[in-house]
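One structure is given here, and the rest of the page talks about it.
Heavy atoms only: backbone and side chains are in, while hydrogens, waters and symmetry mates are out. A note on names: the letters A, B, ... follow the listed sequences, proteins ahead of strands, and every chain is numbered from 1.
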Amino acid sequence: MSGGHGKRGEPRVTIGRRDFFKVYAAAGVAVLQGCRRRDQELIESPVRRSTALPGASVWRRSICEQCGAGCEIEVRTVDRLAKKIEGLPSGFVNRGGVCALGHSALQELYHPDRVTEPMRRGSSGELEPVSWEEALETAATAIAAAPDATTIVAGAPSGPLLGLWRRFAATVGTPPPVHWQPADAVVEREAARLAFGESTRPAYDLARSDYVVSVGAPCLDRWRSPVHLGAAWAELTADRRGKLVQVEARHSLTAANADDWLPVRPGSEGFLARGLAGLLLGSGAVGEEGRAAYEALYPGAPPDLAATAERCGIDAGRIERLAAELARARRPLVMAGGSALEGENGVAAGAAALALNLLLDSVGREGGVFAGVDFGFEDRLAGDAAAALPPAALAERLAGDGGSGVLVVSEADPLHGMPGLEAAFEHADTVIACSAFFDDTALRADVVLPVQTDLERFQAVEPDPVRGVPALLVASPTVAPRGEARHPGDVALALAAAAGSALPWPGFQEAVESALSDAFAATRAAGDEASDPAALPASLIAGALNARQFVRRTTDAGGLVGTEEMRRAPVPDARADVPVGIVDPASLPAPAAPAGVESFTLIPFESLKLADGRGANRPWLQELPDPLSTVMWGSWAEVGTEDADRLGVRTGDIVRLTGTAAEIELPAIVLPTVRPGSVGVPVGGGHADYGRYARGRGVNVNSLLDPDRRVAGAGAFARSGVRVRIERLRRPRRSERPVIYGRGLRQAEEIPVGWAPHDGGKA
Amino acid sequence: MGRPQAGAKALDGELLGRLDRRRPGLLIGSLASGALVLVFFYCWGYQIANGIGVTGINRPVFWGFYIINFVFWIGISHAGTLISAILRVTKAEWRRPVTRSAEAITLFALAIGGLFPLIHLGRVTIFYYMIPYPNSRMLWPNFRSPLVWDIAAITTYIIGSALYLFLPLIPDAAVMRDRAAAGIKKRFYAVLALGWRGTAQQWHSLEWGIRILAVAIIPVAVSVHTIVSWDFAMTQTPGWKSTIFGPYFVVGAIFSGIAVLMIAMALLRRGLALERFLTDRVFNNLGLLFVTMSLVWGYFTFAEHLTVWYSGDLFEKNVHHVLLHGDFAVPFWTMVVVNLLIPVAVLSFPRGRRPLPTALVGCGVLVGMWLERFLIVVPALSTPRLAYSIGDYLPSWVELGIMIGAIGVFACLYFTFTQLLPIVSVWEMREGWRHAAGGGENGQAAEAAPTSAAASPVPGGGGA
Amino acid sequence: MTRWGMAIDLDRCTGCEACVVACAAENNIQTVGEEQAREGRAMHWLRIERYYEGEFPDVRTRFMPVLCQQCGAAPCEPVCPVYATYRNPEGLNAMVYSRCIGTRFCANNCPYTVRVFNWFDAEFPAPLDSQLNPDVSVRPGGVMEKCTFCVQRIQAGKDEAAQEEREVADGDVKTACQQSCPTKAIAFGDLDDPDSEVSRWAESPRAFSLLGDLDTRPGVVYLSGTEWREPAE
Amino acid sequence: MAEAQRRRLYPPGARPDCRCAGLPAGIWILGLALFACGPTQNLPTPEQPIAYDHQVHIEAGLECVRCHRGAEEGVHAGMPSVQSCAGCHRREIPDHPEVQKVMLANENREPILWAKVNVIPDSAMVHFNHRAHARAGIECLTCHGDVASMTVAEPVRNVADMGWCVECHRENEASDDCLECHR
């Protein structure tokens with residue numbers, strides 16, 4: 001019998017089946033009451049009042065800073081904890097999308113092995129927790145003692161934070177900071193300067209093109225802005241309207257999705273671009289203006305088809321077809337990036353590829369190439385401080401100082417990302433790492449300053465230009481910072497203050513607001529004639545009465561977003577001095593021929609899960625199968641079927657890759673898509689620590705690279721085109737076997753396995 | 001009257017004496033199997049404490065050794081009840097020394113086989129959700145699921161088998177009761193004997209009880225293995241979805257059951273010196289049945305694979321391929337050799353149908369039938385339709401421990417049973433002896449005789 | 001009546017796997033670690049199958065996101081002895097964790113191999129557990145799980161609509177995978193509503209069902225402009 | 001028949017013996033009880049860190065939703081923040097020893113860990129939506145009893161009794177689909 005209250009509160013007595021069961025249950029209940037104990041559960045009353053209802057989802061806008069793309073995100077928070085990241089549908093860059101790396105920022109935030117308090121190397125040689133004051137003082141004393149011998153490495157993407165570090169360097173008196181950025185970004189700028197006369201990373205309008213040739217640019221992998229480019233690709237190829245052709249030695253995810261993949265010999269991308277130019281010039285499909293502009297850059301005769309096919313190692317027919325389709329296309333577009341720019345001839349190759357846009361008249365038009373303009377907030381914060389140095393400058397500086405001095409590394413892990421720096425770090429007097437984790441650099445540091453991750457901090461980001469439209473994105477912190485972590489910008493300001501040369505702002509947010517405020521004033525002063533370079537487009541300040549209101553409105557609106565009218569072609573006036581630096585890739589010698597059957601060209605690549613290594617500490621990403629090799633949890637070497645047969649290697653076998661200075665052992669994955677004579681290895685593995693999920697996982701392929709190889713004409717380290725030897729070592733032990741998700745794929749090639757979906761019509 | 005009576009007494013004495021004798025082999029066997037029982041429970045406990053993940057099963061091979069052993073042991077269980085029931089119904093005289101041991105095999109094999117699905121469960125603590133009982137959640141199990149039918153069938157079979165073992169045991173338990181000195185042992189036998197006094201009425205009831213059960217248990221036994229086969233055949237899985245799985249499994253079960261029986265008979269014959277009863281002729285006859293089952297099994301296997309091959313169904317052919325040519329070719333062809341080629345080669349000749357060769361062939365068939373179950377469960381699961389998920393399977397030490405431990409549990413139960421109760425049915429032997437002596441094939445007449453005989457402390461000859 | 005369904009445009013899928021991580025984040029899917037993953041026990045509810053056709057250098061790559069197809073005639077449902085999986089009135093192939101006893105029969109009988117099993121209790125070392133979605137249970141060891149079409153979002157969508165005294169509109173409910181897809185290759189909604197986006201996609205001549213001849217009547221429709229052939233034998 | 005003869009014919013253990021039937025019968029009854037009783041009917045009142053008195057607060061004119069803010073609009077009813085407790089009590093009986101505990105927690109910025117009164121165990125994997133029930137017009141006291149007359153809140157219904165939930169859902173024509181609560 002259950003007595004109770006009905007819907008309206010009046011007592012209600014019913015006898016149901018369940019009550020009947022209870023009658024004979026009664027005996028058992030008596031017995032069991034003694035045995036069962038109810039575990040007490042607790043419910044917490046929060047300390048502070050909140051506007052949100054308990055357990056209710058609050059969505060907060062934020063910016064993803066996992067890479068420089070600047071995707072706007074919404075973070076779902078419940079009871080002040082971040083639960084989920086989603087793309088902001090109105091996001092300037094991403095339009096609602098997020099990539100795998102972006103999602104995993106949550107696991108960076110709540111990583112169990114994060115550094116949440118300042119650490120200093122004690123007398124025992126171990127890192128010990130200290131107070132912020134002590135840590136800052138130790139760091140500042142070291143910097144102030146030898147500002148000239150101090151090297152700053154800033155990992156922040158270009159934008160206000162990098163500007164702050166530049167200002168820091170100028171104020172404290174150190175050399176300009178080294179900007180830790182993808183190598184191909186530096187090369188791309190230089191190639192763009194040569195081809196278009198303006199040293200900005202070109203912005204591509206894929207979506208409105210109808211024929212895109214990507215020379216090495218892995219635009220659907222981890223390159224620049226994967227979410228934006230992915231969406232643009234979808235638009236390009238929707239209803240088979242446009243086509244993407246990938247010219248790349250490795251079968252990347254982009255190559256896998258491209259309508260056509262030209263697996264050229266590594267290092268011959270520039271030659272192909274010249275060869276294509278030859279075919280285009282000969283086809284008569286090229287306008288006079290384009291021909292003139294192109295021939296001004298490359299007065300020499302382009303190589304003929306046979307030579308191109310020979311050098312690139314691909315079928316002449318395919319090159320011919322590509323040229324014909326390019327000539328036929330209404331809005332063709334050529335992009336350059338990735339491994340094509342990371343070889344020693346990267347600048348020449350990049351310039352040759354980008355110059356095709358001149359020939360095809362795709363510069364500054366719909367579906368073409370635009371200048372990568374921005375609102376200049378990096379410079380606004382930097383003041384008149386010198387420009388940041390390219391990554392390779394770090395190696396030069398460290399070599400020049402004989403390895404002593406002070407190193408300040410903020411949000412970067414050069415020790416993992418660049419070979420040959422170990423000795424210099426070993427000899428440095430003081431290494432100061434601003435990091436959220438014990439990455440390889442922080443592990444060697446004398447002072448570790450914990451920094452906030454994306455969702456904990458005030459953000460001001462100038463995104464990678466999208467279709468050439470500039471923007472500045474601003475967001476407030478989403479969740480409370482963990483432990484004592486501070487904003488890296490605030491750390492820089494505190495360091496400067498402790499070193500006795502304080503910057504004019506108390507914090508990073510104030511710095512950005514003051515820059516906004518100055519920009520308002522300059523724009524107001526310039527009036528309609530936007531002659532002052534410090535002025536913003538006038539439309540952006542329209543409606544704001546004063547600087548304070550403008551700043552307030554900008555931060556509330558999440559930043560400043562430009563319009564399509566602000567796009568422009570690269571400024572051609574500066575081209576006068578260009579041809580001086582330009583090199584015809586066709587005039588460069590071919591890369592050395594392979595020496596022996598074991599000699600392979602190494603192609604290191606950024607997988608979309610580990611990126612440059614920063615993804616390695618997140619279980620979601622470690623356990624994410626690589627889309628092509630389907631490997632999880634570790635590194636692997638991609639070997640072609642033919643080569644594997646020759647070497648006697650089967651999938652899973654442990655192979656040794658020997659470079660000039662080092663060797664690594666890792667499992668081989670045999671794929672039918674690898675160009676014979678080349679071997680692909682993802683970067684991002686082999687961390688000495690970096691938290692429990694990354695520690696000792698995989699191998700660091702960067703150690704195979706030659707530390708002295710440079711991309712000619714750019715301060716970038718050349719990681720493509722290194723030659724390695726491959727030897728098969730053994731069948732893997734159980735614990736060494738690569739973790740392959742699509743375990744059946746190997747068998748699928750051997751037996752007729754039915755994966756074919758059958759047309760059953762719609763549900 | 002005197003001669004048979006004296007003969008019966010001598011026979012009782014002889015048999016019971018043999019049973020009473022302390023045999024060191026049995027003791028060692030008990031200890032060894034006891035150790036394996038510990039292994040069994042340690043492994044199971046370890047698995048419950050740590051999670052089902054301590055096994056080697058994975059995606060897509062979600063079922064592994066536990067289900068293989070489940071089917072295997074249920075198959076073994078057909079050694080006893082079914083065969084002994086068939087023999088009883090057909091009044092085969094040579095059944096008398098073997099029925100008890102065969103029925104004990106059934107009960108213990110079933111108990112162990114029935115445990116395996118529980119061991120296999122991810123959350124064994126709530127296994128009772130599968131049992132239909134009224135509950136305050138107002139939920140019932142899903143009667144469409146073959147697993148629920150399994151529970152019903154196995155429960156029925158286990159109860160039937162227990163009764164079928166128990167009924168013929170009553171007169172013997174009474175003998176043991178009367179021979180035992182007062183104490184816990186006597187009370188134990190007294191409970192088992194259910195107050196048996198050997199009256200004509202009791203004999204009559206017992207006879208009828210056994211006769212009804214013998215007839216009833218045959219369809220139950222057939223249904224049990226059919227339903228076990230439906231765990232596979234009712235699915236969509238390529239390699240499992242087959243209409244002949246029911247009879248195929250039943251034949252396989254009887255086949256493996258006979259194999260166990262052959263081994264048990266050979267052991268009994270040696271261990272208890274029963275050459276007088278388990279004659280070469282018995283082995284010859286059973287050997288003929290054995291080779292027949294081997295051929296029938298071979299026919300089913302052929303039919304199964306031929307239809308799959310002929311159908312050309314892509315997914316079915318994939319499974320077929322890995323079986324015949326791929327990763328599972330070695331176990332597959334081993335199975336064909338030990339289940340078909342060797343039995344036919346050996347048992348086709350009269351000299352092959354002697355105790356030792358038949359027992360050895362039986363051992364081979366046991367291995368072969370275990371492999372058969374392995375080859376039903378694993379290749380089909382490891383070759384799913386979407387090739388991306390093809391997987392493999394390697395058992396962990398826990399699964400091996402439980403598998404070996406289960407053999408220990410079986411041996412332990414069997415040894416304990418042999419120590420406590422006559423493994424050869426004393427009264428049935430005497431009845432058989434009397435048939436032989438009196439030449440009477442008329443059961444009723446023959447059985448009436450002892451009840452009217454002079455008073456005897458042995459209940460079989462009791463009554464005043 | 002609502003019948004939830006999904007359409008996936010394979011021509012738009014680049015295999016970037018953002019959806020896979022989004023799904024893990026939304027649904028508290030445990031990461032099992034290297035050792036377990038090696039055993040084939042990774043627990044993704046959604047996987048991107050990759051297939052190659054042809055020989056170098058003319059290799060064609062195909063990506064196919066495979067998740068629970070939410071079949072109208074699901075082979076997994078009848079075999080479960082305890083009704084832990086059943087067809088719900090809104091066309092979902094429901095999975096009730098608290099009822100599951102772990103026979104794994106359903107997983108065996110799934111032609112798509114999309115069910116995953118909790119071999120051990122999930123581990124979320126603090127403070128990683130701060131991220132756990134409070135609307136989704138953390139499944140204990142011994143329990144089967146699979147894509148739920150983000151049923152917690154469906155429930156929240158209906159709750160929100162009821163609170164605002166209106167009907168659930170097309171687009172109110174977005175699954176986690178759909179939301180994060182950079183190329184917008186996934187549509188989700190009511191298949192019984194002819195005007196919903198998913199219904200319109202399903203009308204496409206490019207639409208087909210995975211393993212359609214099994215007649216499982218999936219709630220997931222794939223769209224592909226090119227024919228999916230069987231590889232040459 | 002002589003006594004000796006009888007004893008021989010009917011040895012002591014040979015009497016019809018039904019004792020053995022007791023064991024299975026016992027197991028059967030116990031088993032039934034075990035299965036049928038469902039979640040325990042024993043509802044202990046948990047001990048709370050602070051002796052909060054519901055009756056006093058309600059008599060003082062506070063509504064349930066004043067403190068349990070999510071009860072009508074939220075998924076969870078929720079507990080009031082320490083700050084809001086302290087806000088009122090700064091004026092009202094700030095010197096009461098139990099109130100002092102609240103004030104102390106507020107000063108130290110420590111949350112108060114209340115013991116849950118109406119517990120659905122985690123193993124049930126139930127996601128109870130408070131506002132959906134409020135929307136359907138279910139009175140507080142249906143599940144929570146007459147809290148207004150309680151001092152320390154005590155459970156009156158076993159909220160973990162699924163059959164009770166299902167019964168009410170069916171009576172009120174709410175969905176009884178498993179996914180409504182379990183997910």
Side-chain angles (χ1 to χ4, degrees), chain B residues 48 50-63 67 117 120-131 137 139-151 231-232 234-238 240 314-315 317 377 380-382 384-394 396, chain C residues 32 35-44 47-51 64 66 74-86 96-121 140-144 210-211 214-216 230-231 233:
Chain B
I48 292 172
N50 290 287
I52 190 79
V54 298
T55 59
I57 34 185
N58 56 55
R59 192 181 68 86
V61 188
F62 285 97
W63 285 4
I67 294 296
H120 161 90
L121 286 186
R123 296 207 291 176
V124 68
T125 44
I126 49 167
F127 77 92
Y128 56 85
Y129 280 6
M130 282 194 287
I131 301 168
R137 282 174 230 95
L139 293 173
W140 294 94
N142 178 5
F143 292 107
R144 293 181 300 167
S145 169
L147 283 184
V148 174
W149 314 340
D150 256 346
I151 289 175
D231 286 349
F232 305 98
M234 293 296 172
T235 68
Q236 290 250 17
T237 312
W240 285 3
L314 187 64
F315 306 120
K317 267 170 73 184
V377 173
L381 289 180
S382 64
R385 284 186 171 81
L386 298 179
Y388 191 83
S389 298
I390 282 178
D392 47 26
Y393 167 69
L394 208 66
S396 72
Chain C
V32 297
E35 295 308 314
Q36 292 295 307
R38 185 175 285 128
E39 299 295 316
R41 291 174 174 181
M43 298 201 49
H44 310 292
R47 62 172 184 265
I48 310 290
E49 296 197 348
R50 180 275 288 155
Y51 294 102
M64 177 118 193
V66 181
C76 57
E77 284 166 9
V79 296
C80 175
V82 293
Y83 275 122
T85 188
Y86 66 95
V96 187
Y97 309 124
S98 42
R99 184 73 179 162
C100 176
I101 60 173
T103 66
R104 310 188 281 291
F105 206 165
C106 51
N108 281 352
N109 208 19
C110 173
Y112 308 99
T113 331
V114 289
R115 286 175 163 263
V116 291
F117 191 67
N118 288 275
W119 302 99
F120 294 105
D121 286 338
V143 167
M144 190 57 72
L210 185 57
L211 299 176
L214 288 176
D215 200 22
T216 51
E230 292 166 16
E233 290 187 17

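The minimum heavy-atom distance linking Ser98(C) with Tyr129(B) is given by the pair O-CE2, 3.7 Å. Counting all heavy atoms, side chain and backbone alike, Asn58(B) lies closest to Gly40(C) at CB-O, 3.9 Å. Across every non-hydrogen atom of Ser145(B) and Cys80(C), the tightest pair is CB-O, 3.5 Å. Between Tyr51(C) and Ala387(B), the shortest heavy-atom contact is OH-N, 3.8 Å. Across all non-hydrogen atoms, the minimal contact from Gly142(C) to Ile52(B) is CA-CG2, 4.5 Å.
Residue Val32(C): no heavy atom, backbone or side chain, is found under 4.5 Å from chain B. There is no contact between Thr125(B) and chain C, counting heavy-atom distances below 4.5 Å. If you measure heavy-atom distances from Ala84(C) to chain B, you find no contacts under 4.5 Å at all. Contact annotation for Met43(C): neither backbone nor side-chain heavy atoms come within less than 4.5 Å of a heavy atom of chain B. Looking at Trp240(B), the atoms closer than 4.5 Å to chain C (heavy atoms on both sides) all sit in the side chain, from C-beta outward.
Taking Ile151(B), Leu394(B), Asp231(B), Asp392(B) one by one and counting their heavy-atom pairs under 4.5 Å with chain C, the maximum is reached by Asp231(B). The residue among Ile67(B), Ile57(B), Leu147(B) with the most heavy atom pairs within less than 4.5 Å of chain C is Ile57(B). Of the listed residues Val148(B), Thr237(B), Leu121(B), the one with more heavy-atom pairs under 4.5 angstrom with chain C than any other is Leu121(B). Heavy-atom pairs under 4.5 Å with chain B were tallied for Asn108(C), Asn109(C), Val82(C); the largest tally goes to Asn108(C). Of the listed residues (Val61(B), Asp150(B), Thr55(B)), the one with the most heavy-atom contacts under 4.5 Å to chain C is Thr55(B).
You'll find the ring centres of Trp140(B) and Tyr83(C) outside the 6.0 Å limit.
Between the side chain of Arg41(C) and the main chain of Gly53(B), a donor-acceptor pair closer than 3.5 Å is present. For the pair Trp119(C) (side chain) and Gly122(B) (backbone), a donor-acceptor distance under 3.5 Å is absent.
Under the 4.5 Å side-chain criterion, counting only non-hydrogen atoms from C-beta, Phe120(C) is in contact with Val54(B). Annotation: side chain of Pro78(C) is not in contact with side chain of Met234(B) (no heavy-atom distance under 4.5 Å). Side-chain atoms of Leu214(C) and Arg385(B), non-hydrogen and from C-beta on, do get closer than 4.5 Å to each other. In this structure, the side chains of Pro146(B) and Phe105(C) come closer than 4.5 Å at one or more pairs of heavy atoms.
To the nearest 0.5 Å, atoms CD1 (Ile101(C)) and CE (Met130(B)) are separated by 4.0 Å. Rounded to the nearest 0.5 Å, atoms CG (Asn142(B)) and CZ (Arg99(C)) are 10.0 Å apart. The distance from atom CZ of Arg59(B) to atom CZ of Arg115(C), rounded to the nearest 0.5 Å, is 13.0 Å. One distance of note links CZ of Phe127(B) with OG1 of Thr103(C); it measures 14.5 Å at 0.5 Å rounding.
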**OP:** Take Leu381(B) and Arg104(C) through the side chain to side chain contact (heavy atoms under 4.5 Å, CB included) test and state the conclusion after the steps.
**Re:** CA-CA 12 Å; Leu381(B) 289 180; Arg104(C) 310 188 281 291; over 6 Å; no

**OP:** Take Tyr388(B) and Thr113(C) through the test side chain to side chain contact (heavy atoms under 4.5 Å, CB included) and record every step on the way to the result.
**Re:** CA-CA 10 Å; Tyr388(B) 191 83; Thr113(C) 331; over 6 Å; no

